[in-house]
Participant: 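Dropping the structure in here first, questions after.
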Amino acid sequence: MAEETLTNSMVPALSVAGKIPFRSKKVRKSSTTSTTAAETSKKPRLILPLALSIAGELDSALRHLTTVDSQLAVIIKSLEPPSFHNLSTPFLSLSRSILYQQLATKAAASIYARFISLCGGEDSVAPEVVLSLTPPQLRQVGVSSRKASYLHDLASKYQSGFLSDSAIVAMDDDALFSKLTTVKGIGPWSVHMFMIFSLHRPDVLPVGDLGVRKGVQILLGLKKIPQPTEMEELCKAWRPYRSAAAWYMWRLVESNGKAAKASI
């Protein structure tokens, strides 16, 4: 897969199509057999970290990052803080991610708008609705045959119960990555963007993103752009708030580009 980097067209659009409950959840594994209270108490509980959209969490992230990385602290103090407030449902966000792939902003927005209209509005974008749309219908609104198959695969995995909005919100990062990358057209980069901008997970490092890697190169004064395999070690001090740090790497690359243009 070719290297990818974040552009404005890839950031999920805001919607009021059902606010995702981002607060920390305690999830017990389900069982088809009855268990005693003692057995249940022995089962580990999954406690997810609070999302960056929860009040106070972004402030905690920025305090941590400025404490552990003096170079990053300078960048943080020079820029407005990020904002994590997307309210789209996971299914809508994933569908949008598929539609926006490898397209210019204007073209992607136009196709997405026609797709939403075909579904009957953002509130109507659901697995059963997407599955009811034929490839010819999707092609009429600009969706390629390949992306139509990706949308149908995503919707099928929802319909079968392999995925659901509630399960996605409750999964830890590793489980979520494992499941979402089985969907056709959704690779590691897309999952990382989804976790950061749709679920607001606090500790996601998109190691394959060229923009984040360039930002790390600039921040650390490296001669070469670090390889994805080097990123975990280079950025380990940012844990458990690597999502916010990644956001600042994109902004750092942008600001360097503007400075370079200004000097010409």
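For this chain, numbers begin at 1 and follow the sequence in order.
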Participant: State, with a plain yes or no, whether a side-chain heavy atom of Met249 is found less than 4.5 Å away from one of Val253.
Facilitator: no
Participant: Do the side chains of Pro81 and Tyr248 get nearer than 4.5 Å, heavy atoms only?
Facilitator: yes
Participant: To the nearest 0.5 Å, what is the distance between CG on Leu94 and CG on Leu154?
Facilitator: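 If we round to the nearest 0.5 Å, Leu94:CG and Leu154:CG are 5.5 Å apart.
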Participant: Is a donor on one side and an acceptor on the other found under 3.5 Å between the side chain of Thr181 and the backbone of Pro188?
Facilitator: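 No, Thr181 side chain to Pro188 backbone: no donor-acceptor pair under 3.5 Å.
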Participant: From Leu133 CG over to Leu151 CG, what is the distance, rounded to the nearest 0.5 angstrom?
Facilitator: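 Answer for the CG-CG pair, Leu133 versus Leu151, is 9.0 Å.
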Participant: Do Arg251 and Pro82 touch side chain to side chain, with heavy atoms closer than 4.5 Å?
Facilitator: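 Result no, sub-4.5 Å side-chain heavy-atom pair not found.
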Participant: Look up atom OG in Ser95 and atom CD in Glu122, then write down how far apart they are to the nearest 0.5 Å.
Facilitator: 10.5 Å
Participant: Less than 4.5 Å apart, any side-chain heavy atom of Tyr158 and any of Ile168?
Facilitator: yes
Participant: Mind checking what makes salt bridge (Lys or Arg N to Asp or Glu O under 4.0 Å) contact with Arg239, not counting sequence neighbours?
Facilitator: Asp203, Glu232
Participant: Kindly indicate whether the side chain of Val212, heavy atoms from C-beta on, has any atom under 4.5 Å from the side chain of Met231.
Facilitator: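 Contact flag for Val212/Met231 side chains = yes.
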Participant: Can you find a heavy atom in the side chain of Ser97 that is under 4.5 Å from one in the side chain of Ile186?
Facilitator: no
Participant: Please enumerate all residues that pass ring-ring contact (aromatic ring centres under 6.0 Å, His included) together with Phe115, with sequence neighbours excluded.
Facilitator: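 Partners of Phe115 under the ring-ring contact (aromatic ring centres under 6.0 Å, His included) test: none.
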Participant: Just jot down the ring-ring contact (aromatic ring centres under 6.0 Å, His included) partners of His152, sequence neighbours excluded, or say none.
Facilitator: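 By the ring-ring contact (aromatic ring centres under 6.0 Å, His included) rule, His152 matches no residue at all.
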Participant: I'd like to know whether Leu118 forms a side chain to side chain contact (heavy atoms under 4.5 Å, CB included) with Gln140, so could you lay out the CA-CA distance, the side-chain angles of the two residues, the decisive distance to 0.1 Å, and finally the verdict.
Facilitator: CA-CA 10 Å; Leu118 184 63; Gln140 285 181 350; over 6 Å; no
Participant: Could you check whether any side-chain N or O of Asp153 sits under 3.5 Å from a backbone N or O of Lys184, counting only pairs where one atom can act as donor and the other as acceptor?
Facilitator: yes
Participant: For the pair Arg213 and Asp209, find out whether any cationic side-chain nitrogen is under 4.0 Å from an anionic carboxylate oxygen.
Facilitator: no
Participant: Side chains of Tyr241 and Glu57: does their closest heavy-atom pair fall under 4.5 Å?
Facilitator: yes
Participant: Do any side-chain atoms of residues 65-73 form donor-acceptor pairs under 3.5 angstrom with protein atoms, and if so which ones, sequence neighbours left out?
Facilitator:
unit_1	atom_1	unit_2	atom_2	d
Thr66	OG1	Leu62	O	2.9
Thr66	OG1	Arg63	O	3.0
Thr67	OG1	Arg63	O	2.8
Asp69	OD1	Gln71	N	3.1
Asp69	OD1	Leu72	N	3.0
Asp69	OD2	Trp238	NE1	2.9
Gln71	NE2	Leu219	O	3.2

Participant: So, does Ser132 use its side chain to make a donor-acceptor pair with the main chain of Val129 at under 3.5 Å?
Facilitator: yes
Participant: Just to verify, what does Ser144 make a side chain to side chain contact (heavy atoms under 4.5 Å, CB included) with, not counting sequence neighbours?
Facilitator: Arg146, Lys147
Participant: Quick one: CG on Leu52 to CD1 on Ile196, what's the gap to the nearest 0.5 Å?
Facilitator: 9.0 Å
Participant: So, do Val204 and Leu199 sit near enough that their side-chain heavy atoms are less than 4.5 Å apart?
Facilitator: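 No, side chains not in contact.
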Participant: What closest approach, in Å, do Ser190 and Gln101 show between heavy atoms, and which atom pair accounts for it?
Facilitator: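 Distance-wise, the nearest heavy atoms are OG-NE2, 3.6 Å.
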Participant: Is there any salt bridge (Lys or Arg N to Asp or Glu O under 4.0 Å) pair reaching into residues 170-179, and which pairs are they, with sequence neighbours excluded?
Facilitator: Asp173-Arg201
